[in-house]
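Quick note: numbers below take in every heavy atom, side chains included, and nothing from hydrogens, waters or symmetry partners. Sequence lines set the chain letters: A, B, ... in the order given, protein chains first and strands last, and positions in each chain run from 1. Keep in mind it's a predicted model, so treat the numbers as computed, not measured.
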Protein chains: 4
Amino acid sequence: MHVICDLCVVPLGVGVSVSAQVAACQEVIRESGLEHCMHAYGTNIEGPWDEVMAVVKRCHEVVHDMGAPRITTTLKLGTRTDREQHMDDKVTSVEALLRSR
Amino acid sequence: MHVICDLCVVPLGVGVSVSAQVAACQEVIRESGLEHCMHAYGTNIEGPWDEVMAVVKRCHEVVHDMGAPRITTTLKLGTRTDREQHMDDKVTSVEALLRSR
Amino acid sequence: MHVICDLCVVPLGVGVSVSAQVAACQEVIRESGLEHCMHAYGTNIEGPWDEVMAVVKRCHEVVHDMGAPRITTTLKLGTRTDREQHMDDKVTSVEALLRSR
Amino acid sequence: MHVICDLCVVPLGVGVSVSAQVAACQEVIRESGLEHCMHAYGTNIEGPWDEVMAVVKRCHEVVHDMGAPRITTTLKLGTRTDREQHMDDKVTSVEALLRSR
């Protein structure tokens, strides 16, 4: 099962800046070799379900290991069986519609 | 790693009513034996990370098997290392604060 | 436009416990007079769109006024035009399906 | 109150493809004049709270007007009082940390 997800990991109890923890999660994501794209409120990741979910778990482990006592994560998960779809396809198909108007 | 999650599975391409698919997910959750509590916009589930995530995956598999070609899920995941916490504790501690005012 | 929402307000930079801020949001919600129901990972609220959104904004204002320098909120918003639906209806229809199996 | 949000509008009861509705939301967002950036699982938008929230409401209205009987939206909302922050700042600060390792 292929999944396109949007991951937003929020550490609590580490102060107001969370960029160090977000950067550590980016490294976890990069090391996974999965397709991904960071935006201002999370990161899109796609790949086989178990591999994507291993990344999410690893992010929690790494951020706790950095000293964050608490984490709250928001995750969106998209799967489909009618056809193959990748992250770029989603953006491209919307942009094509916008151009045709 | 213990996790408290909030799971909201939304099937697309099955029409406007999604209660059959939500009920199927409830059965998956019940069969897992994990603590859970359904509300009007999702279900709280808690337990060991891998068991909770197996439930989320199983929900996607079951809803696709029912004929939904596409699913979009929203998942919140809370973990903490400073102390043990359960779903009831979270509600109870807020209610205690409200009573003391 | 009637909306059923699920609101989860997370203050950052206030330490690991956020129950005081969550309790303050509960008071905002109660004072609104809107139907609501707290669970372990948020609060369901329903009512007219503008009233519900005024509650969400007021929660951010109150939590900042308590000293939280940063807030990240997750909000799910459900609207429908085919028929009237309330929070209880959603849970009831799923439970009816589960009983009939 | 300045807000950075992530908006993901999902129409139900319109079939498996939702790109027409997503494109319509993009037009609403563009017409608002607010800073925004679409990704594969939503759109980041930033600006004054009331203007951003007017966009979210308008998206629901427009998508219902296109014939969608039901919508479920996921919205993340970030506000902070300690300093001004824009969407680009969030990505830039994480990327700077990643380069310095």
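Counting heavy-atom pairs under 4.5 Å between each of D:Leu12, D:Thr72, D:Ile71 and chain C puts D:Ile71 at the top. Counting heavy-atom pairs under 4.5 Å between each of C:Val56, C:Leu77, C:Ile4, C:Val9 and chain D puts C:Leu77 at the top. Comparing D:Asp50, D:Thr79, D:Thr81 by how many heavy-atom pairs each has under 4.5 Å with chain C, the most go to D:Thr79.
Here CG of C:Leu75 is found 10.0 Å from SG of D:Cys5. Values are rounded to the nearest 0.5 Å. Note: D:Thr74 OG1 to C:Lys76 NZ = 7.0 Å, rounded to the nearest 0.5 Å.
For C:Glu35, the CD atom counts as loosely surrounded, since its 6.0 Å shell holds 12 or fewer non-hydrogen atoms of other residues, nucleotides or ligands. Heavy-atom neighbours of C:Gln26 CD from other residues, nucleotides or ligands within 6.0 Å: above the threshold of 12.
Listed here is the closest heavy atom pair of D:His64 and C:Arg80: CE1-CA, 3.9 Å.
When heavy atoms are compared at a cutoff of 4.5 Å, C:Asp6 does not approach chain D at all.
In this structure, the side chains of C:Glu61 and D:Met1 come closer than 4.5 Å at one or more pairs of heavy atoms.
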